Protein chains: 2
Amino acid sequence: METLRERKKQRTRDALLRAALELFVTQGYEHTTVDEIAASVDVSQRTFFRYFASKEDVAFFVPRLTEEHYVEAVRRRPPEEPPLEALRRSVLDSWDTIEQAIERYVPVELFLRTYKMIEATPALFAAHLRRQSETEEEIARIVAEREGVDPDRDPRPRLVVAVFGAVVRVTERHWSVGEDFSVTTIRQLTASYLDQVGPALTGNWREG
Amino acid sequence: METLRERKKQRTRDALLRAALELFVTQGYEHTTVDEIAASVDVSQRTFFRYFASKEDVAFFVPRLTEEHYVEAVRRRPPEEPPLEALRRSVLDSWDTIEQAIERYVPVELFLRTYKMIEATPALFAAHLRRQSETEEEIARIVAEREGVDPDRDPRPRLVVAVFGAVVRVTERHWSVGEDFSVTTIRQLTASYLDQVGPALTGNWREG
DNA sequence: GAGGCTAGTGACAGCCACTGACAGTTGACA
DNA sequence: TGTCAACTGTCAGTGGCTGTCACTAGCCTC
């Protein structure tokens, strides 16, 4: 962020990001062309593609921040904690502290609406799931490391991480279709769902 | 399959499907153009798109069969079975009986290689995950129905189905990178992983 | 502070997936 | 056998994305 050149670049990137997200959430992802985004920032389409690898890539700029934030939280957990407990605390802590990280780039409110848009747009939702699965692979390796097992011989790290991720995804999905979307809401929902999953798996639903 | 016209259509469709999968698995999905597929069956590109909604769509023709097969298996489970047990038996039964259904369209071996290709191609893998999540939504509704709960008020159906699906996905992924790919192998792997997930979630990994 | 260097950009041409419109052809069926 | 409908090919166009090339504006050295 030293030279004028770098500041200019940063400004162009930020402008493209903001413009893209704004257009996406107002008129929809599919109905927004890259030409449109570039034009609204007054650069050529070619320049857009020098900042973002693809149209999809812009949409996931902020989600990428939150994923990294989460992974870092997992890394920082004390190693004596059982895996599930470490994961649980990591997600909840992440939701508590993510807002500052986001606000540096876009208003949190815009991010939340982007998130909803991703869940509602099939092409983006697919990409979202794939990204999550990549994150899970990373987390599985961290868990394996913590527990001192080889993830390619012992399936437990990937199993635990996948099961945990599944619960998080159900939560997000529920949150994304609801009215009340705030960071607080999804945090509470996550905690609640994580509490319910144990009984749901083992319990008999048809008794009081 | 009565009239000549219908038989001709069927033949074109089958030829396109076979040609596409063959090209995909030999030279890769990304390196295969729709023009190439159409040319190798001697029809116009336009005709290809009259049979398949998209290039992606051909790749998932057979997976779609297996998904439907699985959903049907779940529907047929006796209602007194606990949810997890019903799901478990459904996947395993599906793997036992799927081969006939596939063989009507393509050789099972080609299907298995297609499956590996899907797992190895990011764009297809993303689509695969989205399709699975749609299937899970359907299954969740079936489970909710069986248990007599409202899936929009009670999160348990979606939770159980998502957790179960996560285990299946870890299994598939493991299978897809391995050497030994046969239907028998993935069936056994699935059974084994399902057995391990309970202990992995609750147990302490660091003791004997 | 003049001049060379280079990162960043725009303009243009081209590939590929996909779509709409229209016209030609070929089976279905009376 | 002639009419109708289904199926197909051709063509033109859009949108995402990439390579190339020339140009400009900020940087850095002497």
Side-chain angles (χ1 to χ4, degrees), chain A residues 1-17 19-21 23-24 26-61 117-118 121-128 130-131, chain B residues 1-17 19-21 23-24 26-61 117-118 121-128 130-131:
Chain A
M1 207 79 52
E2 261 310 316
T3 70
L4 168 59
R5 252 223 280 259
E6 278 167 329
R7 266 175 289 139
K8 263 188 145 176
K9 264 187 80 173
Q10 189 70 34
R11 233 178 295 147
T12 307
R13 182 202 204 73
D14 286 359
L16 280 170
L17 174 63
L21 296 189
L23 286 169
F24 290 164
T26 53
Q27 57 188 23
Y29 178 77
E30 314 276 11
H31 293 100
T32 304
T33 68
V34 174
D35 281 324
E36 221 173 332
I37 301 169
S40 83
V41 177
D42 219 55
V43 297
S44 73
Q45 191 222 47
R46 195 67 187 82
T47 295
F48 172 91
F49 283 109
R50 290 192 175 106
Y51 284 96
F52 299 98
S54 63
K55 181 180 166 187
E56 193 184 285
D57 193 38
V58 216
F60 286 105
F61 186 89
M117 178 207 62
I118 290 173
T121 308
L124 292 182
F125 183 53
H128 182 51
R130 199 198 62 207
R131 300 176 55 82
Chain B
M1 206 81 50
E2 262 309 318
T3 70
L4 168 59
R5 207 178 244 172
E6 276 167 330
R7 265 176 289 141
K8 262 188 146 176
K9 266 186 77 173
Q10 189 69 34
R11 233 178 295 147
T12 308
R13 182 201 204 73
D14 285 0
L16 280 171
L17 174 63
L21 296 189
L23 286 170
F24 289 165
T26 53
Q27 56 187 22
Y29 177 78
E30 313 277 10
H31 294 99
T32 304
T33 67
V34 175
D35 281 323
E36 222 173 332
I37 301 169
S40 83
V41 177
D42 220 57
V43 297
S44 73
Q45 192 222 46
R46 195 68 185 83
T47 295
F48 172 91
F49 282 110
R50 290 194 175 104
Y51 283 96
F52 299 99
S54 64
K55 182 180 167 187
E56 193 184 285
D57 193 37
V58 217
F60 287 105
F61 186 88
M117 178 208 63
I118 290 173
T121 309
L124 292 181
F125 183 54
H128 183 52
R130 199 199 59 206
R131 300 176 56 82

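Small disclaimer: the values here were computed from a predicted structure and weren't measured. In what follows, chains carry the letters A, B, and so on, assigned in the order in which the sequence lines appear, proteins first and then strands, with residues in each chain numbered from 1.
For DNA chain D, the neighbouring residues in residues 29-43 of chain A, judged by any heavy atom under 4.0 Å, are A:T32, A:T33, A:V34.
The distance from the CZ atom of B:R46 to the OH atom of B:Y51 is 13.0 Å, given to the nearest 0.5 Å. The CG atom of B:L16 sits 11.0 Å away from atom CZ of B:F49, with the distance rounded to the nearest 0.5 Å. Taking CZ of B:F61 as the reference point, atom CG of B:D14 lies at 7.0 Å (rounded to 0.5 Å). Expressed to the nearest 0.5 Å, how far OG1 of B:T26 lies from NE2 of B:H31 amounts to 12.0 Å.
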Protein heavy-atom contacts under 4.0 Å, written 5' to 3' over nucleotides 22-30 of chain C as B (base), S (sugar-phosphate only) or - (none), form the string ----BBS--

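Scanning for side chain to side chain donor-acceptor pair (under 3.5 Å) contacts around A:S44 gives A:T47, with sequence neighbours left out. In this structure B:D57 satisfies the side chain to side chain donor-acceptor pair (under 3.5 Å) test together with B:R64, sequence neighbours excluded. Residues satisfying the side chain to side chain contact (heavy atoms under 4.5 Å, CB included) criterion with A:T121, sequence neighbours excluded, are A:Y29, A:E30, A:M117, A:L124.
Remark: C1' of C:dC16 and CD of B:Q45 are 8 Å apart, rounded to the nearest angstrom. Counting to the nearest Å, the P atom of C:dC16 and the CZ atom of B:F48 are 15 Å from each other. The separation between A:L124 atom CG and D:dG16 atom P is 12 Å, rounded to whole Å.
By the 4.5 Å heavy-atom criterion applied to side chains, A:Q10 and A:E6 are not counted as neighbours. The shortest side-chain heavy-atom distance between A:F60 and A:I118 falls under the 4.5 Å cut-off. Side-chain contact between B:L17 and B:F52 is present, with at least one heavy-atom pair separated by less than 4.5 Å.
Counting distance only, with no hydrogens placed and no angle test, the side-chain atoms of A:R46 and the base atoms of D:dG19 include a donor-acceptor pair under 3.5 Å.
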Applying the Watson-Crick and G-U criteria (both distances under 3.5 angstrom) with [ ] for crossing and | for other-strand pairs, one obtains for DNA chain C ||||||||||||||||||||||||||||||

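Considering only side-chain N and O atoms, B:Y51 lies nowhere under 4.0 angstrom from the phosphate OP1 or OP2 of D:dC7.
With DNA chain C read from its 5' end, the first of the two nearest nucleotides for B:F49 and A:S44 is the one closest to A:S44. Projected onto DNA chain C by closest heavy-atom contact, B:K55 and A:K9 fall at different nucleotides, the more 5' of which corresponds to A:K9.
In summary, of the residues considered (A:T32, A:T33, A:I37), a side-chain contact (heavy atoms from CB on, under 4.5 Å) with A:D35 occurs for A:T33 alone.
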